[in-house]
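In what follows, a structure is listed as structure tokens, so that the remarks can point back to it.
FYI, side chains are in, hydrogens and waters are out, and symmetry mates aren't considered; it's all heavy atoms of this structure. Note that ligands are numbered from 1 as they come in the structure, with each ligand's atoms numbered from 1 the same way.
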Amino acid sequence: MNPRISCVQGDITLEQVDAIVNAANESLLGGGGVDGAIHRAAGPELLAECRTLGGCPTGEAKATRGYRLPAPSVIHTVGPVWQGGGHGEVELLASCYRQSLRLAGELVCRTIAFPAISCGVYRFPIELAARTSIATVLETLRESGLDLAVRWVLFSEDILASWKREAERLGCAC
Ligand code: APR
């Protein structure tokens, strides 16, 4: 199965996919950025379910229902805060994608949408995040045989351009 990846500019809370991925923090109790947008769109039931999860370590992922979102599931993952690159940040970001795809497989998702995890408040360099995420998703889809269409929904034109450029460098359209 050829991995199917794509990237678009938009608001991930509007995506009609089987699961959207949230760039959360370890408390899983909401925040700003895409985390705040997802909680606002999903409604208070999302926070109520998140409270039952006991948080989530950086690099790992936990799933909830989507409630008032078009997507029936939300996969909450916690990206690394960029600290200069010497604290395992690249591997932790790759782990976010691997763990999210693992959960998507368990949920029998056929479509999933990612934001640019760690590229906002957590200050991860955009090009490096794009390269890491695309390479990790392609490798995980190939190794797992998951029949999953992966879309990045990027909030700004410059981030979309970075994703497209890095995908091209990796020899795949995005
Ligand atoms: N749809 C898609 N992407 C979005 C949206 C949205 N509605 N809102 C923001 N983004 C983008 C940002 O522009 C950025 O490119 O998501 C990317 C990730 O940025 P953040 O949301 O700041 O996430 P992150 O850098 O991983 O930091 C996580 O921020 O909101 C808090 O609780 C969160 O503490 C956690 C931290």
Quiz item: Any side chain to side chain donor-acceptor pair (under 3.5 Å) pairs touching residues 78-96, not counting sequence neighbours?
Solution: E91-R98
Quiz item: Less than 4.5 Å apart, any side-chain heavy atom of L28 and any of K62?
Solution: yes
Quiz item: More than 12 heavy atoms of other residues, nucleotides or ligands under 6.0 Å from CD of E127: is that the case?
Solution: yes
Quiz item: Taking NZ, NE, NH1 and NH2 as the nitrogens, is one of them in E166 or R169 under 4.0 Å from a carboxylate oxygen of the other?
Solution: yes
Quiz item: For residues 19-73, which residue pairs qualify under ring-ring contact (aromatic ring centres under 6.0 Å, His included), counting only residues two or more places apart or in two chains?
Solution: none
Quick check on ligand 1: any N or O pairs to the protein under 3.5 Å? One line per pair.
from	atom 1	to	atom 2	distance (Å)
ligand 1	1 (N)	I12	N	3.0
ligand 1	7 (N)	D11	OD1	3.0
ligand 1	19 (O)	G120	N	3.4
ligand 1	21 (O)	V34	N	2.8
ligand 1	22 (O)	V121	N	2.9
ligand 1	25 (O)	G120	N	2.8
ligand 1	25 (O)	V121	N	3.1
ligand 1	25 (O)	Y122	N	3.1
ligand 1	26 (O)	S118	N	2.9
ligand 1	30 (O)	G32	N	3.0
ligand 1	30 (O)	G32	O	2.7
ligand 1	32 (O)	N25	ND2	2.8
ligand 1	32 (O)	D35	OD2	2.7
ligand 1	34 (O)	N25	ND2	3.4
ligand 1	34 (O)	Y122	OH	3.2

Donor-acceptor contacts, no H, no angles, side chain residues 153-160, under 3.5 Å, sequence neighbours left out:
from	atom 1	to	atom 2	distance (Å)
S156	OG	D158	OD1	2.5
S156	OG	I159	N	3.4

